[in-house]
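Heads up, the thing below is written out as structure tokens.
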2 protein chains.
Amino acid sequence: MSIAKKNALILVIEDEAPIRRFLKMALVDHGFSFSEAATGKEGLSKLAAERPELVIMDLGLPDMDGLEVTRQIREWSNVPIIVLSARENENDKVEALDAGADDYLVKPFGVGELMARLRVALRHANRLSEDQLDSTFAFGDIQVDFAKRQVMRGPEEIHLTPIEYKMLNTLIRYSGKVVTHKHLLRETWGGEYSDETQYLRVYMAQLRKKLELDPAQPKYLITEPGVGYRLKVDS
Amino acid sequence: MSIAKKNALILVIEDEAPIRRFLKMALVDHGFSFSEAATGKEGLSKLAAERPELVIMDLGLPDMDGLEVTRQIREWSNVPIIVLSARENENDKVEALDAGADDYLVKPFGVGELMARLRVALRHANRLSEDQLDSTFAFGDIQVDFAKRQVMRGPEEIHLTPIEYKMLNTLIRYSGKVVTHKHLLRETWGGEYSDETQYLRVYMAQLRKKLELDPAQPKYLITEPGVGYRLKVDS
DNA sequence: CTCGATTTTGATGAAATCTTGATATAGGAC
DNA sequence: GTCCTATATCAAGATTTCATCAAAATCGAG
């Protein structure tokens, strides 16, 4: 199972300072980043500005009803919302959940349970964002699939060694731009190797042999003499 | 807000007949279709056969632990699971949620709250792309049935040890993609073992011996030197 | 406790990858 | 043209990683 991303930013919308402090401790303690708002309005504006990965919201806010905040958030965001409330009444739970909250915890609650439910919510969110990613890059008849770590040339698979793949990856991330020798060496081998330009020549030749139609007349893996290399994008 | 699809099929895994009847009434009353299983094994097989849109599961089953059922479901399916339990203990909740449950309700609970939490779960499921895996997976002449935890090679069953099965399961869940050594070790043995790449070699050889036609020239269980392994999908 | 299955561990040879140095080529300065 | 520098190519070790086998340790059912 995928581990929840560490350092995820959690926005706490809660008017009572002691509870905010309590939540801050618990969250930071579990490796999350923390942001806070004391009112509904502030919460909405921080949500828009900071794009947290999850919202924990108290229902009893001074300026506006937590339910209303929830509804407003749901008009434009799918961020997971965990609602906290002192009210155990079933109707309150149903209302909050139907307003768009993802979970409802009755105060007082255990930190362990809060964290577990938070992991559930982040799990959902992660699954959502995963399949929206397009992780391929193409040039010429070459197609690179980063999720599969696979390079295709038309219908057939091209096998790249770890170093070849890393170099290509770097060139793609800066595609169109020149990547200096130093930079390419650092990204591929690490800082200590930043003067071994000979390595680059060897591996660039390898890449060209595998990816270019005519390795002697490269169309994509371009040498910039004295500077570095560049992946030319289709135009 | 998206209204939960009407007539969604809900599978109830619960050994006590009175509770099953109670849930059936409540669910049918709210416009859902209903299916039931009295044991964990029956639940797993009905899940595979009927493809319900949500599972409600009691933790106290006669044949196997509800947590174990949850984990096994999560090996191949993302169907929402709402756990019911008489145990209010925080640890039980955390365990169930971390095992893969999406919500945890303590008995007795109100029908209104159950329905609201069910709507939340279905809302999530609707947002998710249909990445519900099939309960079987095939490559070459191998057929894997996750619900039965059974591997067939043509007409005959192939016996896999627990570790072999876990490794194969992970490779299948990421099929087509390279699974790094670390990742594979973590998923199979747990985080502490993430450097024991020797284990992988031993078990990969075992799997190939059992699953490949020519273990020396694997067609499916592919080595990516220096990176990890990959289950190549038929194309 | 005993037996059989499974997992862990160590040893060995094979394969893939990386490094290194030697040599070839291209292009600019003069 | 020659000289010079930067780049390209090639292939032989050196090194790392992998496959395979089998013995030892561990686990679990009866």
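- Side-chain contact between B:Glu187 and B:Arg173 is present, with at least one heavy-atom pair separated by less than 4.5 Å.
- We find that CG of A:Asp195 is positioned 14 Å from P of C:dT20, with the value rounded to whole Å.
- Using cut-offs of 30° and 60° for the angle between ring planes, the B:Phe146 and B:Trp76 rings count as parallel.
- In summary, contact between chain A and DNA chain D, defined as any nucleotide atom under 4.0 Å from a heavy atom of the protein, begins and ends at D:dA6 to D:dC10 in the 5' to 3' direction.
- Side chain of B:Asp63 to main chain of B:Lys41: a donor-acceptor pair is present (N/O by atom type, distance under 3.5 Å, no hydrogens or angles).
- Distance A:Glu224 CD to C:dG28 P: 14 Å, rounded to the nearest Å.
- A salt bridge between B:Arg230 and A:Glu157 is present, with a side-chain N of the basic residue lying under 4.0 Å from a carboxylate O of the acidic one.
- Shown here are the side chain to side chain contact (heavy atoms under 4.5 Å, CB included) partners of A:Phe109, two or more places apart in sequence or in another chain: A:Phe22, A:Leu23, A:Leu84, A:Leu105, A:Lys107, A:Leu114.
- Applying the side chain to side chain donor-acceptor pair (under 3.5 Å) rule to pairs touching residues 10-27 of chain B yields B:Arg20-B:Glu36, sequence neighbours excluded.
- When side chains are defined from C-beta on, A:Asn169 does not count as touching A:Phe137, because their heavy atoms never get closer than 4.5 Å.
- Taking atom CZ of B:Arg201 as the reference point, atom P of C:dA14 lies 17 Å away to the nearest angstrom.
- Between its opening and closing five pairs, the helix from C:dC1-D:dG30 to C:dC30-D:dG1 changes axis direction by 30°, a value rounded to 10 degrees.
- Residues B:Glu156 and B:Arg153 are not paired through a salt bridge, judged by the lack of any N-O separation under 4.0 Å between the basic side chain and the carboxylate.
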Side-chain donor-acceptor pairs of residues 207-216 of chain A under 3.5 Å, sequence neighbours excluded:
from	atom 1	to	atom 2	distance (Å)
A:Arg208	NE	A:Leu221	O	3.0
A:Arg208	NH2	A:Leu221	O	2.8
A:Arg208	NH2	A:Thr223	OG1	2.7
A:Lys210	NZ	A:His159	O	2.8
A:Lys210	NZ	A:Glu164	OE1	2.8
A:Lys210	NZ	A:Glu164	OE2	3.4
A:Glu212	OE1	A:Lys219	N	2.9
A:Glu212	OE2	A:Lys219	N	3.1
A:Glu212	OE2	A:Tyr220	N	2.7
A:Glu212	OE2	A:Leu221	N	2.8
A:Asp214	OD1	A:Ala216	N	3.1

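- Atom CE of B:Met204 and atom C1' of C:dA15 are 17 Å apart (whole Å).
- Considering only heavy atoms from C-beta on, B:Leu97 stays 4.5 Å or farther from A:Arg119 through its side chain.
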- Note on the structure: Once base and sugar-phosphate atoms are separated, protein heavy atoms under 4.0 Å mark nucleotides 4-9 of chain C, 5' to 3', with B, S and - as --SBBB
